[in-house]
Amino acid sequence: MNERTTALVTGANKGIGYEIAAGLGALGWTVGVGARDAQRRDAAVEKLRADGVDAFGVPLDVTDDAGVAAAARLIEEHAGRLDVLVNNAGVTGGPPQEPTRVQPATVLVAVETNVIGVIRVTNAMLPLCKKP
Ligand SMILES: NC(=O)c1ccc[n+]([C@@H]2O[C@H](COP(=O)([O-])OP(=O)(O)OC[C@H]3O[C@@H](n4cnc5c(N)ncnc54)[C@H](OP(=O)(O)O)[C@@H]3O)[C@@H](O)[C@H]2O)c1
């Protein structure tokens with residue numbers, strides 16, 4: 001059994017997600033760096049490792065059913081289970097939008113990412129969180 005605490009942070013390649021990954025890593029936790037872009041993901045993992053964090057990359061676009069399922073399988077293979085899920089990935093939809101002028105496509109991306117994405121990732125990871 002893996003005795004280390006393992007966390008997954010979505011959207012961990014930059015911003016608040018990266019800082020959360022660094023903070024959890026500083027506690028001695030193993031951190032899955034969830035990110036959709038391979039180059040940005042690799043760069044973040046490399047930087048975290050250089051700072052002593054036990055980080056591993058997790059290809060993860062929260063809007064992609066198959067990709068999220070594959071991410072869960074990868075975490076299970078790497079760590080056996082998941083202790084903490086940080087649903088950080090999100091989009092703002094750009095500058096503040098006038099409700100009377102906003103493009104439906106902009107709202108759709110925000111809902112798909114910020115709402116459905118959280119449900120999708122949580123549902124995929126929960127079985128790993130329930131493992132002993
Ligand atoms: N900053 C604030 O003041 C503030 C305030 C309230 C709430 N928040 C929320 O806190 C979270 C982080 O904010 P932030 O300021 O750090 O934002 P950020 O710098 O824009 O970072 C957002 C992260 O989410 C990732 N992401 C976006 N869509 C994704 C998708 N479909 N699949 C996977 N990853 C995706 C981005 O990846 P890419 O690099 O590939 O785009 C990036 O890593 C967001 O959910 C944001 O809405 C932020």
Side-chain angles (χ1 to χ4, degrees):
M1 193 170 77
N2 181 3
E3 296 298 335
R4 287 180 70 94
T5 301
T6 301
L8 169 67
V9 184
T10 68
N13 54 286
K14 67 177 181 185
I16 295 170
Y18 179 86
E19 295 303 328
I20 292 172
L24 297 181
L27 296 175
W29 293 12
T30 297
V31 182
V33 176
R36 57 184 168 176
D37 179 87
Q39 238 177 336
R40 290 195 288 274
R41 183 176 61 249
D42 289 349
V45 168
E46 202 176 309
K47 199 165 162 227
L48 286 163
R49 283 187 183 158
D51 288 340
V53 175
D54 181 22
F56 65 102
V58 180
L60 184 57
D61 180 335
V62 302
T63 66
D64 175 25
D65 275 325
V68 169
R73 287 195 297 274
L74 187 151
I75 291 165
E76 184 164 27
E77 280 162 23
H78 187 92
R81 64 164 203 277
L82 187 65
D83 299 292
V84 173
L85 168 63
V86 182
N87 276 307
N88 164 80
V91 292
T92 60
Q97 308 275 326
E98 293 279 345
T100 52
R101 293 186 193 168
V102 68
Q103 293 297 313
T106 303
V107 179
L108 200 60
V109 173
V111 171
E112 178 59 36
T113 307
N114 302 351
V115 181
I116 310 296
V118 170
I119 296 169
R120 179 181 288 114
V121 175
T122 302
N123 287 352
M125 300 301 161
L126 263 181
L128 291 181
C129 296
K130 289 179 176 169
K131 284 182 82 172

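Whatever order the structure lists them in is the order used to number ligands and atoms, beginning at 1. Because the structure is predicted, anything quoted here is derived from the model rather than measured. Throughout, residue positions are numbered sequentially from 1 according to the sequence presented.
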List the closest protein heavy-atom neighbour of atom 32 (N) of ligand 1: residue, atom name, distance to the nearest 0.1 Å. Val62 N, 3.0 Å
Backbone or side-chain N or O of Arg36 under 3.5 Å from ligand 1 N or O: yes
Any idea which protein heavy atom is nearest atom 42 (C) of ligand 1, and the distance to it? Lys14 CE, 3.7 Å
Would the distance check show the side chain of Asn88 and the main-chain N or O of Gly11 forming a donor-acceptor pair, the cut-off being under 3.5 Å? yes
Residue and atom name of the nearest protein heavy atom (relative to atom 22 (C) of ligand 1), distance in Å to one decimal: Gly90 O, 3.7 Å
Check for a donor-acceptor pair, side chain of Arg49 on one end and backbone N or O of Ala55 on the other, with a separation under 3.5 Å. yes
For Val91, the atoms of ligand 1 under 4.0 Å from one of its heavy atoms are 27 (C), 28 (N)
for atom 23 (C) of ligand 1, nearest protein heavy atom and its distance come out as Gly11 O, 3.8 Å
Matching residue for Trp29 among Thr6, Asp83, Leu24 - test: side-chain contact (heavy atoms from CB on, under 4.5 Å): Leu24
Which residue owns the protein heavy atom closest to atom 31 (N) of ligand 1, what's the atom, and how far is it? Asp61 OD1, 3.0 Å
Heteroatom proximity flag, Gly17 to ligand 1, N/O under 3.5 Å: no
Look only at the side chain of Arg41 and the backbone of Ala35, and say whether a donor-acceptor pair between them is shorter than 3.5 Å. yes
Ligand 1 atoms in contact with Gly15 (distance to a heavy atom under 4.0 Å): 16 (O), 19 (O)
Using modelled atom types and a 3.5 Å cut-off, is there a donor and acceptor pairing between side-chain atoms of Thr10 and backbone atoms of Ala89? yes
Is Asp54 reaching over with its side chain to a backbone N or O of Gly25, donor-acceptor style, under 3.5 angstrom? no
Below 4.0 Å from ligand 1: does a non-hydrogen atom of Thr63 turn up there or not? yes
At what distance is the nearest protein heavy atom to atom 34 (N) of ligand 1, and which residue and atom is it? Ala89 CB, 3.5 Å
Which residue and heavy atom of the protein sit nearest atom 15 (O) of ligand 1, plus the separation: Ile16 CD1, 3.9 Å
Within-shell test, Asn88 vs ligand 1, heavy atom, strictly < 4.0 Å: yes
If hydrophobic clusters are built from ILVMFWY residues whose side chains come within less than 4.5 Å, do Leu48 and Val9 share one? yes
Would you mind running through ligand 1 and noting each atom that sits below 4.0 Å from a heavy atom of Leu60? 32 (N), 33 (C)
If we count only non-hydrogen protein atoms and require a distance under 4.0 Å, does atom 44 (C) of ligand 1 qualify as touching the protein? yes
Looking only at N/O atoms, are Arg40 and ligand 1 under 3.5 Å apart anywhere? yes
Identify the closest protein heavy atom to atom 37 (O) of ligand 1: which residue and atom is it, and at what distance? Asn13 OD1, 3.6 Å
